Every structure is written in C-alpha cells, then in structure tokens.
Amino acid sequence: MRKDVFAFLIIILLIGGTYLLARDDGNTATVEAPKELGVIQVTGLVERPYNITYDELSKLPSREVEAPLYCVGEPGKVRKNGTWKGVPLRTVIELAKPKSRAYKVALYASDGFTTDLYLDAVREDEDIIIAYEFNGEPITPRIVAPGRWGYKWIKYLTGIELVSYDFTGTWESAGYPDDAYIPDELSPGR
Ligand SMILES: Nc1nc2c(c(=O)[nH]1)N[C@H]1C(S)=C(S)[C@@H](COP(=O)(O)O)O[C@H]1N2
Ligand SMILES: [Mo]
C-alpha cells in the first residue's frame, strides 16, 4: 500500500514538472524552441513547391536588419528593437519559381494568425526578411518588415502561399491598412 502511494506521488511530480517545463507564455523569445518548430511550406502559384527547415534557412545567404517593431495598438512606443538576422523573403520565394499570376503572398502561422504582402513589395525590398535570430539569439522564424506595423511581422511562420487574389490577413481583414506603412511621426527612432 505504501509503495502504491509513493508511486502515485512520483507520477504526479513527473506530470507537474513536465507541465511547468513545457509551459510557454508565447511572448518571450527565449522560451521558444526555434529548431524544433518544424518547417515552412512554400506553396500556391509556384512551379516548385517546397518545404524549408530552420537549418536550411540558416544556410541561405543572410542579411542583418536593424529595425524597431511597433504595434499599431501602441503607436509611438518601440516594442522591440535590435538586430534581426535572416533571409530575404524574396530569396525563399524565388527558389519556388512563382508563376506570373502570383500577385500576393499569404503568410500563415502555427497559432492561426495570418498576414499578407504584395509580391511586388517583397521583390523590391530585400530588408523584408524571414528572421531566425534576434540580437544574436535564435528565434522561431518570423517576418521582419521594416517600416510596417507589427501585424506584418508574423511569428511562428509555417506557410508562405502565393496567390492571385486579394488575400488579407487577420488584422488586414479586420480593417487595418493592408500596406501597414507606419507614418513617420508615429515611429520615432526610425
Ligand atoms: N503568429 C503571430 N504572429 C504575430 C502576432 C500574432 O498574434 N501571432 N501578432 C502580431 C502583432 S499585432 C505584433 S504587434 C507583433 C508583436 O511581436 P512581439 O510579440 O515579438 O512583440 O507580432 C505580430 N505577429
Ligand atoms: Mo500589434
């Protein structure tokens, strides 16, 4: 009987410990598990759909971009600032050979969040990157879109889909501007 009680307590401790270790408040880069979080799928209007892993991403030619992150809900307040290292989104897209009908880039995250960018804008701006490091620390791949509101900076990126229609993401379809340009007066320090 004693042994049963002892075993029961051990099991409870193990379950509790696992829960505490696995807990993630979802907002702190350091508790994310960047390399474990699977692959990014590149799909849609492309000749060559493919999947890319964290390791493959980090072997492509990279850029470092200094850019502050502003949330549209708190304009004027820098939410994160520092050096983002990653691969231009256009590089990852061109590897899939977009068809000429491709017009927009739909971006998907593992938490259900979505956003979008115009393919032309992505092609023109090599500073729009899929970042996999922030201030030298690995992060779960996310978009960094300098000069645009935080809702374009999609985290936990799992899908890049080229589409020919006017796909709008979570905040864009709620009425926030699709271009998401931050007016100069709302982005001090830029
Ligand atoms: N997957 C995912 N990415 C997301 C969001 C989200 O809810 N889910 N929120 C966006 C918004 S509105 C902002 S302001 C920034 C905040 O980024 P941070 O959590 O790194 O500060 O993430 C963006 N990316
Ligand atoms: Mo935001």
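None of the values given here were measured: they were computed from a predicted structure. Index from 1, following the sequence. First listed ligand is number 1; within each ligand, the first listed atom is number 1.
Close contacts of ligand 1 with Lys80, meaning ligand atoms under 4.0 Å from a residue heavy atom, involve 18 (P), 20 (O), 21 (O). When each atom of ligand 1 is checked for a heavy atom of Ala109 under 4.0 Å away, the hits are 1 (N). Atoms of ligand 1 found under 4.0 Å from any heavy atom of Trp153, numbered from 1 in the order shown, are 22 (O), 23 (C), 24 (N). Listed by number with element, the atoms of ligand 1 under 4.0 angstrom from any heavy atom of Cys71 are 14 (S).
For ligand 1, the polar-atom distance check finds no N/O of Tyr151 at less than 3.5 Å from any of the ligand's N/O atoms. For a threshold of 3.5 Å applied to N or O pairs, the pair formed by Tyr156 and ligand 1 contains no separation below that value. Distances between N or O atoms of Tyr70 and those of ligand 1 include no value under 3.5 Å. Polar contact check, Asp111 against ligand 1: a nitrogen or oxygen pair lies under 3.5 Å apart.
The one candidate from Ile154, Val122, Leu89 that meets the side-chain contact (heavy atoms from CB on, under 4.5 Å) condition with Ile160 is Leu89.
Ring orientation note: the planes of Tyr176 and Trp171 are tilted relative to one another, at an angle of 30° to 60°.
Atom NZ of Lys99 sits in a crowded spot, with more than 12 heavy atoms from other residues, nucleotides or ligands closer than 6.0 Å. Residue Glu47 places its CD atom among more than 12 non-hydrogen atoms of other residues, nucleotides or ligands, all under 6.0 Å distant.
Side chains of Lys85 and Tyr132 form a contact here, defined as non-hydrogen atoms less than 4.5 Å apart.
The closest non-hydrogen atom to atom 4 (C) of ligand 1, taken over Arg142, Lys152, Lys155, comes from Lys155. For atom 9 (N) of ligand 1, the nearest non-hydrogen atom from the set Phe113, Tyr176, Trp149, Trp171 belongs to Phe113.
Between Tyr118 and Tyr103, the ring centre distance stays below 6.0 Å. The ring of Phe167 has its center closer than 6.0 angstrom to the ring center of Tyr108.
Heavy atoms of Thr115 found under 4.0 angstrom from ligand 1: none, in either backbone or side chain.
We find that Asp178 and Lys104 are joined by a salt bridge, their nearest charged nitrogen and carboxylate oxygen being less than 4.0 Å apart.
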